[in-house]
Protein chains: 2
Amino acid sequence: MQNSFVQEFDRFLQEKKLRRTPERFKILTEIKKIDRHFEADDLILHLQREKIIVSRATVYRTLSLLEESNILRKFRFDENHFHYELHPKNSHHAHLVCVKCGTIIEFDDQELEELQARICREYRCLPVKRTVEIYGVCAKCRKKEN
Amino acid sequence: MQNSFVQEFDRFLQEKKLRRTPERFKILTEIKKIDRHFEADDLILHLQREKIIVSRATVYRTLSLLEESNILRKFRFDENHFHYELHPKNSHHAHLVCVKCGTIIEFDDQELEELQARICREYRCLPVKRTVEIYGVCAKCRKKEN
DNA sequence: AACATTATTGAGACCTTATCTCAAATTAAT
DNA sequence: ATTAATTTGAGATAAGGTCTCAATAATGTT
Ligand SMILES: [Zn+2]
Ligand SMILES: [Zn+2]
Ligand SMILES: [Zn+2]
Ligand SMILES: [Zn+2]
């Protein structure tokens with residue numbers, strides 16, 4: 001089941017007549033080892049630590065491909081870099097982000113599914129995706145403050 | 001009523017013991033002339049056209065102050081620059097963004113108010129703000145495609 | 001009004017993140 | 001093995017925004 005990402009990527013590359021290079025698979029394999037949300041820099045560090053030598057350009061290019069193939073989801077919180085996460089199929093979710101410590105809590109957003117559908121119907125818009133982020137001070141940080 | 005933004009900013013600056021410089025007010029005045037959403041670059045262009053000479057650094061610094069004083073709201077859509085808009089008090093709204101032409105449609109998100117409250121209660125989180133963006137292909141762009 | 005104090009400004013350097021360029025290396029088809 | 005087309009890596013470049021610091025200007029005090 002974890003490995004299905006590799007198969008999926010493989011299929012994607014074949015379909016698009018792109019090449020199945022070792023670099024691409026090494027990167028995906030490393031991503032699987034990282035916990036849910038990560039940034040490009042995290043990934044580059046992980047690769048370096050594992051002595052997997054891949055250029056920064058290739059990392060970014062592969063991230064794009066993984067996004068295109070719906071294996072990764074790309075997010076932007078209030079910072080100026082992106083976050084990525086392995087895309088759990090069929091499971092849209094939204095984020096609760098602590099403005100103090102940066103902790104990201106995920107929550108299910110079934111009712112947002114309906115909101116999106118309704119709004120798009122109303123404006124005759126073809127829905128593509130959505131981002132829903134709530135920012136606040138998490139329980140831990142609130143304790144610390146008091 | 002439009003002018004209340006200036007008064008509000010004035011009050012904010014006084015309270016924070018910041019200085020009420022001509023630059024700051026010229027920038028806010030220019031912002032009021034721009035339609036709803038704008039980017040820093042838009043603003044800088046507008047100022048140049050009106051021969052209002054203010055440095056880029058000051059524009060950015062003033063934008064921060066205006067955000068801090070809740071006169072502006074700062075957004076990031078899927079691009080890598082920010083959007084700003086005059087913050088219509090008490091009127092939260094969310095955005096529907098066309099992925100083809102970039103058109104931004106605003107919609108009311110009263111029901112998201114409740115979602116935010118509920119989620120924050122659940123995670124004992126103190127809500128600060130939220131961003132809700134739906135991306136899709138707008139009616140116009142869909143027509144063009146067919 | 002002049003002074004002292006402190007904040008603000010502007011010009012350009014700098015930073016971060018990400019993308020682009022192009023020659024060299026690799027893949028995959030024949 | 002040969003060939004054609006894609007991919008890679010190193011470093012240049014771009015975009016967007018922030019920082020630095022000397023010069024300037026606002027405010028409070030006399
Ligand atoms: Zn926190
Ligand atoms: Zn997530
Ligand atoms: Zn459109
Ligand atoms: Zn808006």
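Keep in mind it's a predicted model, so treat the numbers as computed, not measured.
One finds a side-chain N or O of A:Thr21 lying less than 4.0 angstrom from the OP1 or OP2 phosphate oxygen of D:dT8. The shortest distance between the side-chain N/O atoms of A:Tyr60 and the OP1/OP2 oxygens of C:dA18 is below 4.0 Å. OP1 or OP2 of D:dG9 has at least one side-chain nitrogen or oxygen of A:Thr58 nearer than 4.0 Å. Regarding contacts with the backbone of C:dT8, a side-chain N or O of B:Arg24 is found under 4.0 angstrom from either OP1 or OP2.
Comparing A:Val59 and B:Ala40, the nucleotide of DNA chain D nearest to each residue sits closer to the 5' end for A:Val59. If you find the closest nucleotide of DNA chain C to A:Phe82 and to B:Ile53, the one lying nearer the 5' end belongs to B:Ile53. Remark on DNA chain D: of its neighbouring residues B:His81 and B:Pro22, the 5'-side contact belongs to B:His81, judged by nearest-heavy-atom nucleotide.
Taking only side-chain atoms of A:Arg19, from C-beta outward, the nucleotide of D:dG9, C:dT27, C:dG10 with the closest atom is C:dT27.
For an aromatic pair to be called close, the ring centres must be under 6.0 Å apart, and B:His95 with B:Phe77 satisfies this. A centroid separation of 6.0 Å or more is found between the aromatic rings of A:His37 and A:Tyr84.
Whole-Å rounding puts the A:Asn80 CG to C:dC14 P distance at 20 Å. Atom pair A:Glu23:CD and C:dT26:P shows a separation of 9 Å (rounding to whole Å applied). Look at CD on B:Gln14: it is 16 Å from P on C:dA7, rounded to the nearest Å. Look at CD1 on A:Ile27: it is 7 Å from P on D:dT8, rounded to the nearest Å.
In this structure, A:Arg118 pairs ionically with B:Glu111, as a charged nitrogen and a carboxylate oxygen lie closer than 4.0 Å.
In this structure, B:Ile44 reaches neither bases nor backbone, as no heavy-atom distance under 4.0 Å exists between it and the strands shown. Residue-level contact check: A:Arg56 touches the bases, meaning some heavy atom is under 4.0 Å from a base atom.
In the hydrophobic clustering of this structure, A:Leu115 does not group with B:Tyr135; members are Ile, Leu, Val, Met, Phe, Trp, Tyr whose side-chain heavy atoms approach within less than 4.5 Å, directly or through other members. By the criterion of side-chain heavy atoms lying less than 4.5 angstrom apart, applied directly or through intervening Ile, Leu, Val, Met, Phe, Trp or Tyr residues, B:Phe38 is grouped together with B:Val6 in one hydrophobic cluster.
The base of D:dG17 is not paired with the side chain of B:Arg61 by any donor and acceptor separated by under 3.5 Å.
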